[in-house]
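Reckoned from all heavy atoms, side chains included, excluding hydrogens, waters and symmetry mates. Each chain gets a letter, A, B and so on, in the order the sequences are listed, and its residues count up from 1.
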Amino acid sequence: MQYAQIILPLNLKGTFTYKVPEEIQSTIQLGMRVLVPFGGKKIYTGIVFEFHDEEPTQFVAKEVISILDEQPILPLEQIKFWKWLSEYYLCNLGEIYRFAFPSSLKLESETYLKLKPNITVEFENLDVNEMYLIQALEVRQLINLTDIEAFIPKKDIIKTINSLIDLQYIEIDEKIAEKYKAKEVAYVKITDEVLKNNNLTEILLSLKRAQKQKDLFLHILEKQTENPDLHIKKSELFEDGYFASSHFKSLADKNLVEEYYMQRDRIESYEGEIEEVEELTEIQKAAKNEVDEAFEEGRNVLLHGVTSSGKTHIYLEKIEECISEGKNVLFLLPEISLTKQITQRLEKKYGRQLGFYHQKLTDFEKVEIWRRIKNNDVKILIATRNALFLPYLNLGLIVVDEEHDSGYKPREVSPFFNAKDSALVLANFYGANVILGSATPSVESYYLARKEKMKYIFLNERFGNVKLPEFELINFKEAQDSKKVSGNFSLKLIDEIKKTLEEKNQTMILHNRRGYASVLECESCGYVNYCSNCDVVMTYHKAANEMKCHYCGQRASKPKTCPKCYSENLNERGVGVEQIHEEISKIFPDNEVDRMDVDSMRKKFAYEKLYVKIEDGETDIVVGTQMISKGLDFDHIELVAIPKADSMLYVQDFRAEERAYQLITQVSGRAGRVSGKGRILIQTFNPDHSVFQLIKMNNISKIYKYFLTERQKFNYPPFTKLIMIELKHRRDEKVNRASQFLGSVLRKYLPEDCILGPERSQIARLNNLYQFQVMLKLPRGKNYDKFKSLVLLSLKEFDEITAYQSIKKDVFVDF
DNA sequence: AATCAGATACAT
DNA sequence: TGTATCTGATTG
């Protein structure tokens with residue numbers, strides 16, 4: 001055990017070899033964090049990945065400076081998981097490390113040093129640098145590695161620190177634990193004294209001349225008596241700006257109200273009333289038994305339940321079972337937004353044993369969850385995909401809700417991995433079970449489940465026997481020909497909305513395209529506005545009166561005249577959701593029409609406000625992008641309209657039809673949840689298109705059969721495995737040449753029918769980088785590993801060309 | 001990622 | 001000739 005392979009938080013291939021000094025050889029363990037020098041003068045927090053005794057021949061290994069953990073921060077299961085991820089997804093361990101750890105757990109040169117307590121330093125044995133450092137520490141107690149540079153030459157820093165540590169004079173200060181202070185939230189209440197004395201009239205009289213104070217007092221009193229168990233947040237009082245903190249202070253001074261503090265998770269959680277969850281229905285019970293059976297056989301489950309079939313109830317049952325066995329649960333969601341149904345009940349029952357983890361937490365909040373997971377204080381974690389990396393001790397169940405959702409494999413952030421597939425692997429390492437749940441499973445999962453790799457459980461009935469919504473196709477071509485249209489809406493569709501409004505019900509309109517118009521085109525010269533960073537036309541946003549690039553986010557003001565020919569006639573082409581919203585508002589001027597898309601929801605609490613508005617029935621019609629298909633469960637939505645359904649289908653992507661089906665089904669699930677009379681109107685130029693016909697029939701096994709046949713016909717997943725390699729560089733010509741070279745190398749090893757490209761990516765230039773791609777279609781099964789190793793070989797050969805090292809290369813496995 | 005050596009560009 | 005800037009290689 002003389003040498004250790006260390007993972008560094010850098011996007012570099014493989015691990016790095018370090019010598020383990022004898023005095024720490026007995027304490028160092030796999031999964032511990034260690035400080036190591038790297039490069040000229042940097043110190044990084046690395047992770048011990050492997051031990052061995054082979055002295056490296058190509059270089060001289062440096063020594064580990066010190067160990068940062070008493071116990072390994074990563075359990076062995078996680079080390080195995082990282083290894084698997086990096087091999088399967090062809091990504092670097094360092095990338096995984098950086099993604100997995102909150103930054104304060106991987107401090108770099110920010111690490112602090114301090115003097116060991118009660119030591120006597122023998123200065124005569126020290127060199128100049130060592131003396132400087134000791135003296136500095138005597139004055140300052142704590143010192144940062146970067147600060148040391150001020151008085152010790154860079155090249156000597158590490159040597160100096162090491163020798164002082166060896167002499168037992170100084171030590172590394174691990175301040176992380178104390179750095180985090182649990183946040184306390186201020187709550188308010190009427191003082192017990194007031195409640196006891198029952199002299200309200202007297203009090204109100206005394207506040208006669210202080211109107212606001214009186215109002216505030218009554219406001220708090222009312223809230224408190226309404227529901228004595230509810231805590232009233234202090235910040236809540238001042239939200240609408242009517243009361244100010246001075247009013248509260250005056251009341252507090254008079255001893256009428258008081259504030260108290262409680263520790264709360266930093267993530268705001270639901271504090272309202274708890275809905276009693278009904279017992280499982282017979283159908284749900286049967287499904288749950290099937291889950292039990294599957295788990296006993298050691299198989300995972302795909303729970304395919306139509307919208308509102310009560311998948312959540314089954315999750316809850318299994319979660320409680322798992323916890324009562326003393327194991328932990330990870331509940332994965334594609335994104336943390338509204339997760340009410342699942343949190344409500346769990347929070348009441350498990351309180352502080354319930355945790356949340358997602359990308360939007362601050363670093364300290366993340367560290368807190370790490371600590372709580374490590375101490376086994378969290379029994380259930382509701383989280384997004386980055387929670388796969390937490391140091392679970394005893395994971396028993398992973399639930400992947402909405403498993404089809406693309407949020408599980410975002411293309412923007414490396415490392416590129418699919419959280420759903422990875423969850424299955426991680427669970428396997430922990431000996432845990434997995435439930436994948438969705439109303440519209442991905443074709444891949446469906447196929448696996450049908451091939452008995454997982455247990456397939458189908459819940460075909462809405463909870464409480466509520467009927468599924470009915471689909472109707474409107475032939476827009478016919479409507480146009482017979483002049484029965486107004487703008488983008490057929491008169492029939494308008495009529496149906498009208499009827500819904502008359503019945504005091506709500507309508508949702510789905511149009512999955514942001515902005516007002518996708519292009520502004522000059523009428524006389526055909527000029528269109530391109531983003532200056534990307535080869536993409538800019539979208540016109542009328543509400544903000546600007547042009548936006550949806551890929552890099554660049555914004556520009558809307559041109560009044562054509563910049564090329566100065567014509568004033570600019571045509572709007574391509575309908576966006578803003579335009580649909582505008583049209584509907586004009587058709588129904590007396591009704592409340594709201595818009596929900598990322599642009600209108602950007603303001604703080606915009607989403608929450610709209611949510612309440614819809615819930616209270618103040619909104620009659622919601623127009624929105626795919627956002628409206630998630631998390632909006634209301635009782636009075638009876639109609640869902642999709643005016644331009646075709647736009648979802650004709651996207652250059654083999655998954656376009658699947659996604660269209662998923663989106664339409666998800667959004668249709670919002671309709672008629674209580675009444676069972678929900679209706680979905682799909683307006684299309686191609687009512688005969690198989691996807692629309694199949695959706696209308698609502699025969700789920702037929703739909704998936706259709707998808708699978710198509711996939712098989714064109715050799716797409718799940719019948720093959722795709723790897724996409726994308727090359728990017730500032731210089732078009734350079735990346736073009738590189739991609740040609742990569743193509744030729746790949747063709748040397750792989751059969752021709754496996755390789756598509758190289759070719760320009762659909763977006764030829766993104767953020768000023770030119771992009772080329774090669775798509776690989778590899779066979780499944782035994783041959784896959786062989787083919788993949790050949791891909792690896794090709795990539796290695798490509799990397800050896802020094803001229804191409806500046807080219808950024810992204811590899812997407814299971815594209 | 002960060003650093004450093006070497007190459008290139010540019011002003012004196 | 002010296003200095004600023006860029007490029008590419010290397011790090012254990």
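- Listed candidates were B:dA1, C:dT7, C:dG12. Nearest to the side chain of A:N11 is B:dA1.
- A salt bridge is absent between A:R372 and A:D377: the closest approach of a Lys/Arg side-chain nitrogen to an acidic carboxylate oxygen does not fall below 4.0 angstrom.
- Proximity of a side-chain donor or acceptor of A:Y408 to a complementary backbone N or O of A:F417 within less than 3.5 Å is not detected.
- In the region residues 14-24 of chain A, proximity to DNA chain C at under 4.0 angstrom, judged on heavy atoms, holds for A:T15, A:F16, A:T17, A:Y18.
- Protein atom NZ of A:K62 is 4 Å distant from nucleotide atom P of C:dG12, rounded to whole Å.
- Nucleotide C:dG12 holds its P atom 11 Å from the OH atom of A:Y44, rounded to whole Å.
- A:L12 comes within contact range of at least one nucleobase, with a heavy-atom separation under 4.0 Å.
- Using the six-membered ring where Trp is involved, A:F101 and A:Y97 have ring planes that are perpendicular, over 60° apart on the 30 and 60° scheme.
- Rounded to an integer number of Å, the gap from A:I43 CD1 to B:dA1 C1' is 16 Å.
- A:K409 and A:D814 are not joined by a salt bridge, as no carboxylate oxygen comes within less than 4.0 angstrom of a charged side-chain nitrogen.
- Annotation: A:F389 is in aromatic contact with A:F99 [ring centroid separation under 6.0 Å].
- The aromatic rings of A:F416 and A:F812 sit tilted relative to each other, their planes meeting at an angle between 30° and 60°.
- Here B:dA2 presents its P atom at 8 Å from CG of A:L10, a figure rounded to the nearest Å.
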